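Reviewing the structure listed below.
Here the structure is a predicted model, which means the values were calculated and not measured.
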Amino acid sequence: MMNQTNEALTDFQRKVYEACSQIPAGKVSTYGLLAKAISCGSAQAVGQALKVNPFAPEVPCHRVVKTDRSIGGFFGQREGAEVTRKVNLLKEEGVKFDERGRVAQGQLWAFSREG
DNA sequence: ACCGTGACGGCGA
DNA sequence: TTCGCCGCCACGG
């Protein structure tokens, strides 16, 4: 995946991207869950790394939503075109949404320790 | 080295 | 249930 000259990436970012890559198509995870998977105490910090993800969509940062299952942001935007794109990508992967625009239950991916 | 800024999360109102 | 506040922690200036 990130076999290029990634000196611009911090160690933290690599951990975030690696964990994110584990999420399969058709499933989503949350910033909080991902943070926990890499032993980080801040979901917000995870979001910071994802917003500058240089490997999208190889590293599926679009499969990460908020804990309340609302869509969250995409490439720095918390609303607008990019966010709509995020929803479309998920729909294409088979992810279902409820009438409130949140990811329907039963589609969360739980990180089961491997890294 | 300090300070402000976030694709967040939990909690009280 | 939605809103606001505060805590979290990594980054750039």
| said: Defining pairs by Watson-Crick or G-U wobble geometry with both distances under 3.5 Å, how would you list the stems of DNA chain C with at least three pairs each? | reply: B:2-6 with C:9-13, B:8-13 with C:2-7
| query | Going by heavy atoms closer than 4.0 Å, what residues in residues 83-97 of chain A are next to DNA chain C? | reply | none
| query | Side-chain contact, heavy-atom cut-off 4.5 Å: A:C40 with A:L34? | reply | no
| task | Quick one: label A:G32 by what it contacts on the DNA or RNA (base, sugar-phosphate, nothing), any heavy atom closer than 4.0 Å. | result | sugar-phosphate
| request: Considering only heavy atoms of chain A and a distance under 4.0 Å, specify the first and last nucleotide of DNA chain B in 5' to 3' order that meet this criterion. | output: B:dT5 to B:dG10
| Rounded to whole angstroms, how far apart are CG on A:L34 and C1' on C:dC8? | 16 Å
| Atom pair CD1/CG of A:I38 and A:L33 - distance to nearest 0.5 Å | 11.5 Å
| query | Does some side-chain heavy atom of A:Y31 sit less than 4.5 Å from a side-chain heavy atom of A:Q44? | reply | no
| Atom-to-atom span, NZ of A:K15 to C1' of C:dC9 - whole angstrom | 12 Å
| request: Looking only at non-hydrogen atoms, find the nearest pair between A:C61 and A:F74 and report the distance. | output: SG-CE1, 3.9 Å
| note | Residue pair A:V65/A:A45 against DNA chain B: nearer the 5' end by closest nucleotide is A:A45
| task | For the pair A:Y17 (side chain) and A:A49 (backbone), establish whether a donor and an acceptor sit closer than 3.5 Å, ignoring hydrogens and angles. | result | yes
Report each atom pair, protein N/O against N/O of nucleotides 11-13 of chain C, whose distance is under 3.5 angstrom.
from, atom 1, to, atom 2, distance (Å)
C:dC11, OP1, A:T10, OG1, 2.4

| query | A:Y31 OH to C:dA10 P: how many Å, rounded? | reply | 18 Å
| said: Please check this pair: side chain of A:S29 against backbone of A:V64, looking for a donor-acceptor N/O pair closer than 3.5 Å. | reply: no
| Taking it one step at a time, do A:T30 and A:K66 satisfy side-chain contact (heavy atoms from CB on, under 4.5 Å)? | CA-CA 5 Å; A:T30 71; A:K66 304 217 324 183; over 6 Å; no
| message | Please check: side-chain N/O of A:E18 versus main-chain N/O of A:K15, any donor-acceptor pairing under 3.5 Å? | response | no
| said: Please list all pairs meeting side-chain hydrogen bond (donor to acceptor under 3.5 Å, both in side chains) that have one or both residues in residues 87-99 of chain A, counting only residues at least two apart or in different chains. | reply: A:H62-A:E93, A:R63-A:E93
| request: Apply side-chain contact (heavy atoms from CB on, under 4.5 Å) to A:F55 and A:L9, showing your working. | output: CA-CA 11 Å; A:F55 311 108; A:L9 297 179; 3.6 Å; yes
| At under 4.0 Å between heavy atoms, what does A:K66 touch on the DNA or RNA strands: base, sugar-phosphate, or nothing? | sugar-phosphate
| query | Hey, what else clusters with A:V83 if you join Ile, Leu, Val, Met, Phe, Trp, Tyr whenever side-chain heavy atoms sit under 4.5 Å? | reply | A:V28, A:V65, A:I71, A:V87, A:L90, A:V95, A:F97, A:V103, A:L108
| message | Can you tell me which residue among A:E82, A:K51, A:R85 is in a side chain to side chain contact (heavy atoms under 4.5 Å, CB included) with A:F75? | response | A:E82
| message | Is it the case that the side chain of A:Q13 and the backbone of A:T10 share a donor-acceptor pair, with hydrogens and angles ignored and the cut-off at 3.5 Å? | response | yes
